[in-house]
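Taking it in order: structure first as structure tokens, then the write-up.
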Amino acid sequence: MTRIKRGYIARKRRRLFTSSLRGAHSKLTRTILQQKIKALVSANRDRDRKKRDFRSLWISRINAIIGQNKKIYYIYSKLMSNMYKRQLLLNRKIVAQIAILKGNCIFMIANDLINK
């Protein structure tokens, strides 16, 4: 009986998504599987990391705009706590966009929160 070499289909299936990898990482089955696992772990971790990075970016933008006004001394934490006390529920992304695009509007909101 002649010998049948199997594994063409299986090798092809295991090599999916490896065209961008270099060297043995795109050729050898074991390293291919390790690289796939590593890529999935990195993708999952970095999705969470991206959320954190954007939140810190929004906070720093809000704080920078608020700190520019010399008439009223206001900091980010006081602004957000007063907004929640007054039940003005705007998330940080929206407040940062308001602060960048319409700086005067954020100062009007801050003045309104102080005066009430």
Side-chain angles (χ1 to χ4, degrees):
M1 213 152 114
T2 59
R3 178 172 173 241
I4 299 171
K5 292 174 68 176
R6 7 175 357 259
Y8 169 72
I9 303 296
R11 274 199 308 274
K12 195 172 179 183
R13 185 184 69 238
R14 289 186 193 109
R15 286 193 178 144
L16 285 176
F17 311 114
T18 60
S19 60
S20 62
L21 302 176
R22 295 176 63 182
H25 297 296
S26 67
K27 302 278 189 266
L28 303 177
T29 304
R30 187 177 296 169
T31 53
I32 286 171
L33 295 175
Q34 289 171 352
Q35 286 302 305
K36 281 185 184 179
I37 291 169
K38 186 174 182 179
L40 291 172
V41 167
S42 297
N44 193 29
R45 180 194 63 225
D46 292 339
R47 272 195 299 276
D48 293 338
R49 183 76 209 182
K50 186 170 74 169
K51 293 179 182 91
R52 263 182 274 157
D53 290 342
F54 270 112
R55 183 183 169 100
S56 66
L57 174 70
W58 297 327
I59 290 171
S60 61
R61 282 179 176 175
I62 295 166
N63 209 9
I65 298 293
I66 290 286
Q68 286 178 356
N69 194 357
K70 302 298 181 197
K71 295 175 187 170
I72 55 168
Y73 178 71
Y74 221 55
I75 57 174
Y76 165 79
S77 58
K78 297 277 187 188
L79 174 72
M80 294 309 279
S81 66
N82 286 339
M83 284 174 67
Y84 278 99
K85 283 178 190 171
R86 305 275 190 270
Q87 294 181 346
L88 181 63
L89 300 177
L90 295 174
N91 62 11
R92 286 158 183 82
K93 179 180 179 181
I94 300 299
V95 174
Q97 286 179 345
I98 292 171
I100 289 174
L101 298 176
K102 304 280 185 183
N104 294 335
C105 187
I106 199 74
F107 293 129
M108 289 169 49
I109 293 170
N111 282 332
D112 192 42
L113 291 175
I114 290 172
N115 294 334
K116 281 190 178 180

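Computation of the quantities below employed the complete heavy-atom set of this structure, encompassing side-chain atoms and omitting hydrogens, waters and symmetry-equivalent molecules.
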If a pair satisfies side-chain hydrogen bond (donor to acceptor under 3.5 Å, both in side chains) and one of its residues is in residues 76-89, list it, with sequence neighbours excluded.
Tyr74-Asn82, Tyr76-Arg92
With sequence neighbours excluded, residues passing salt bridge (charged side-chain N to carboxylate O under 4.0 Å, His left out) with Arg55
none
Who pairs with Asp46 by salt bridge (charged side-chain N to carboxylate O under 4.0 Å, His left out), at least two apart in sequence or on another chain?
none
Could I get the full list of side chain to side chain contact (heavy atoms under 4.5 Å, CB included) partners for Arg52, not counting sequence neighbours?
Asp48, Arg49
By side chain to side chain contact (heavy atoms under 4.5 Å, CB included) - contacts of Ser26 (at least two apart)
Thr18, Leu21
Scan for salt bridge (Lys or Arg N to Asp or Glu O under 4.0 Å) pairs involving residues 104-113, sequence neighbours excluded, and state none if there are none.
Asp112-Lys116
Which residue pairs satisfy the salt bridge (Lys or Arg N to Asp or Glu O under 4.0 Å) criterion with at least one member in residues 31-44, sequence neighbours excluded?
none
Considering only Ile, Leu, Val, Met, Phe, Trp and Tyr, and joining two whenever side-chain heavy atoms are under 4.5 Å apart, list the other residues clustered with Phe54.
Leu57, Trp58
Can you name the side chain to side chain donor-acceptor pair (under 3.5 Å) partners of Arg47, sequence neighbours left out?
Asn44
Which donor-acceptor pairs under 3.5 Å do the side chains of residues 94-110 make with protein atoms, sequence neighbours left out?
none

Leu113 and Met83 have their tightest heavy-atom pair at CD1-CG, 3.4 Å
Under 4.5 Å between side-chain heavy atoms, counting indirect links through other Ile/Leu/Val/Met/Phe/Trp/Tyr residues: same cluster for Leu40 and Ile32 or not?
no
As an exercise, state the distance from CD of Gln68 to CG of Asn63, rounded to the nearest 0.5 Å.
11.0 Å
